[in-house]
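Report on the following structure.
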There are 4 protein chains.
Amino acid sequence: MARPRSEETRRAALIAAVDLVGEGGLVAATFSAIAARAGTSRVTLYKWWDSPAALVLDALLEGTTASVTHAPELSTRDALAHQMHALVELLTDDGRTGAALRAVTAQAGSDPALRTELVEHWLGPRRAVAAGLLQRGQARGEVREGIDVEAAVDVLFAPLYHRLLFGHGPVDDRLVDAVLDLFAGFA
Amino acid sequence: MARPRSEETRRAALIAAVDLVGEGGLVAATFSAIAARAGTSRVTLYKWWDSPAALVLDALLEGTTASVTHAPELSTRDALAHQMHALVELLTDDGRTGAALRAVTAQAGSDPALRTELVEHWLGPRRAVAAGLLQRGQARGEVREGIDVEAAVDVLFAPLYHRLLFGHGPVDDRLVDAVLDLFAGFA
Amino acid sequence: MARPRSEETRRAALIAAVDLVGEGGLVAATFSAIAARAGTSRVTLYKWWDSPAALVLDALLEGTTASVTHAPELSTRDALAHQMHALVELLTDDGRTGAALRAVTAQAGSDPALRTELVEHWLGPRRAVAAGLLQRGQARGEVREGIDVEAAVDVLFAPLYHRLLFGHGPVDDRLVDAVLDLFAGFA
Amino acid sequence: MARPRSEETRRAALIAAVDLVGEGGLVAATFSAIAARAGTSRVTLYKWWDSPAALVLDALLEGTTASVTHAPELSTRDALAHQMHALVELLTDDGRTGAALRAVTAQAGSDPALRTELVEHWLGPRRAVAAGLLQRGQARGEVREGIDVEAAVDVLFAPLYHRLLFGHGPVDDRLVDAVLDLFAGFA
DNA sequence: AAATAAGCGAGACGGTACGTCCTGTCTTAGC
DNA sequence: GCTAAGACAGGACGTACCGTCTCGCTTATTT
């Protein structure tokens, strides 16, 4: 019995936010700036999102829902490699997504609510996929039984996020191969 | 030929900054708040540091200069374990340092200048030590010859920083052991 | 289609400003102090006034709108005397207005925008009245035809403002009488 | 047993101050700016002057000491006209002096100490000369006996300062003539 | 069809931090 | 003892954004 939320406004906000992050980092993506660019009212943004970072995260999740892939025919190593390469590509592709993810990641360090969201909706699902692959590998005999699966996921993916954040080395396919080469989890 | 910088003021600022980060994250550590707590002038802070994060980093570096250890009698694995455990302890000890490092790390994601400082003065020296251990290990025959040393350092340490940032799992000695167990760099 | 300006806030600012000028001169009437005393936000003041002096001028204009008087039955000399005495009374009455006018007048010397405002909304209307009286006097034959009306207005009123500013002599009714006695404009 | 005050430094400060006032008004003539331009230390300025305005006034007095003229052969009217024209010339000549005087005058409105200085060392001597001329005129029979001499001085000179401050009309020789024409003090 | 309720743009407002400027005081060292 | 150099606390400046608050218009449902 009331007017429904305007989808048009919502999309305009998401696009404006990601654009602004791409141009000037998360600092540039203030509610004021997003509202101005999206042609909406600031109050509307406050109503639907807690912070600019939450808005960017929302955009991020919307833009990359189809990242969970099924490939039963691949070996565990190849499947993991596939997922890692996909992440690398995502982070380095057009810059937009990488910049947005880096911004949100950084902000999460000083915003517990955002961190929870990020872990729950971004990191969690991706970790679950990787953990699933490792467990499937154990069932198949391709992965050692005794390993700490959670730690293994960290060993495989943390280097990528780590370099994304600090920029002390490139995030590329060579890194993925090197990490897999140094991973002692395979049988 | 002029009044020298007040060391007292400087220390008060460092302490106030770290305390504030511990209490309310980097958001709480504004120059205004630091100045108020340290009993100094805001302008003085602007004069000596570029941002609150830079100030916190300064405090961090000052508080942990003696982290580079020599232990030639240890095996490469034990030496690396030692360094990793030391990092874990640092991050979990009183909470202060961990919170500060998390804050600075996060902020580095959206502050290139800070990132440079952080990589140069915090991450760099620690990575150099680890890389040195790995190379010494290669000379000793304890570490495989063909590995990518830089990537190896990432594989070993990134999981710790990763969990520090996202909090999706504990940063403890068990994690260190699990990571070392999954590290395929040893001969 | 938006929240209307708060008249309450506006009045509080005007009162606070005049009070502060009365207590400590225009130096004391900073936007910070006015905001603090009026219980408003500093930013709101910046939004509506260019400077504390402009705010005080606003208050001045608001407080003395009814100064233009009609008295067709008076002679030109008496009408001018009336206006001059009214100004004297205004400047010496409670001290508030005199102090405010002195402050604004002084400030106008180093603030072109304020000077324009002051001339346009304070000095101008009052000069126009006086000039009107003189011209009416010329039509009536009470004032010499050949005089420079603008200069005459200066001769009559400048001494009052001059003494207000420098305080080298009293601004009182005796001065008004003396000035009129020394004015050679009457036929 | 001590180093004497540096005359060189003093002159540099005076020149710098007047220059700065000429360029950007009294607002631009801060102790900081004067010190920087004069190549002296700020503290030295604090030691010798109370405020930038006092410094400018000092320069003003120094530059125009020779303005008191003797001319016994002139009529009272001509002598007064001479003094008034001299003032007009001073205020309009190169702009430097006029700007400085206007600035100091304005500042005097909100600085009692400066006002005292200004009245005592600038306005007072000039008023005394004019008053002296009027009294000499009374002795000679050129000036009416019954007039208020102080008020007369105001009537003659206030219009010049008034226009200088408000800029509502030109300060020129025509004004001087008009004022003298409207002055009813002559016998 | 009208009433109702929420969505929304516009903009005012108090609040807080920003980064800068100047003040007045101080400390140190050179002349 | 004058001076230059510069550190420091303090306070105002003008700006930006935040989060909240009226407003009044628009847009769907729901009686």
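Hydrogens, waters and symmetry mates play no part in the numbers below; they use all other heavy atoms, side chains included.
- A donor-acceptor contact under 3.5 Å is not formed by the side chain of A:Arg3 with the base of F:dA28.
- Side-chain atoms of A:Tyr46 lie closest to F:dT20 of the nucleotides F:dG6, F:dA16, F:dT20.
- Between the side chain of A:Thr44 and the backbone N or O of A:Thr40 there is no donor-acceptor pair closer than 3.5 Å.
- At least one side-chain heavy atom of B:Leu26 sits less than 4.5 Å from a side-chain heavy atom of B:Val56.
- Nearest to the side-chain atoms of D:Ser41 among the listed nucleotides F:dA5, F:dG14, E:dT20 stands F:dA5.
- Contact of the D:Trp122 side chain with the D:Val104 side chain is not registered, since no non-hydrogen atoms from C-beta on lie closer than 4.5 Å.
- By the 4.5 Å heavy-atom criterion applied to side chains, A:Trp48 and A:Thr9 are not counted as neighbours.
- When rounded to the nearest whole Å, the span between CZ of B:Phe31 and P of E:dT20 equals 10 Å.
- Atom CZ in B:Arg5 sits roughly 11 Å away from atom P in F:dA9 (whole-Å rounding).
- Between B:Lys47 and F:dA7 there is a side-chain polar atom (N or O) within less than 4.0 angstrom of OP1 or OP2.
- Residue order along DNA chain E, read from the 5' end via each residue's closest nucleotide, puts B:Thr30 first among B:Thr30 and B:Ala2.
- Atom pair C:Trp49:CH2 and F:dG14:P shows a separation of 15 Å (rounding to whole Å applied).
- Across all strands, D:Thr44 comes closer than 4.0 Å only to sugar-phosphate atoms, never to a base (heavy-atom distances).
- The distance from atom CD of C:Glu8 to atom P of F:dT22 is 13 Å, rounded to the nearest whole Å.
- The separation between D:Arg10 atom CZ and F:dA4 atom P is 15 Å, rounded to whole Å.
- Computed from coordinates, the A:Ile34 CD1 to F:dA16 C1' distance equals 15 Å when rounded to whole Å.
- Heavy-atom minimum distance, B:Ser110 versus A:Ala106: N-CB, 4.2 Å.
- Judged by distance alone, with hydrogens and angles left aside, B:Arg42 brings no side-chain donor or acceptor close enough to the base of F:dG10 to form a pair under 3.5 Å.
- Nearest to the side chain of A:Ser32, among F:dC18, E:dC21, F:dA16, sits F:dC18.
- Between B:Glu7 atom CD and E:dT27 atom P the separation is 17 Å, expressed in whole Å.
- For the pair D:Leu45 CG and E:dG24 P, the computed distance is 11 Å after rounding to whole Å.
- Comparing B:Pro4 and C:Ser6 by the nucleotide of DNA chain E whose heavy atom lies nearest to each, the residue mapping closer to the 5' end is C:Ser6.
- In terms of phosphate contacts, D:Trp48 brings a side-chain nitrogen or oxygen within less than 4.0 Å of OP1 or OP2 of F:dT3.
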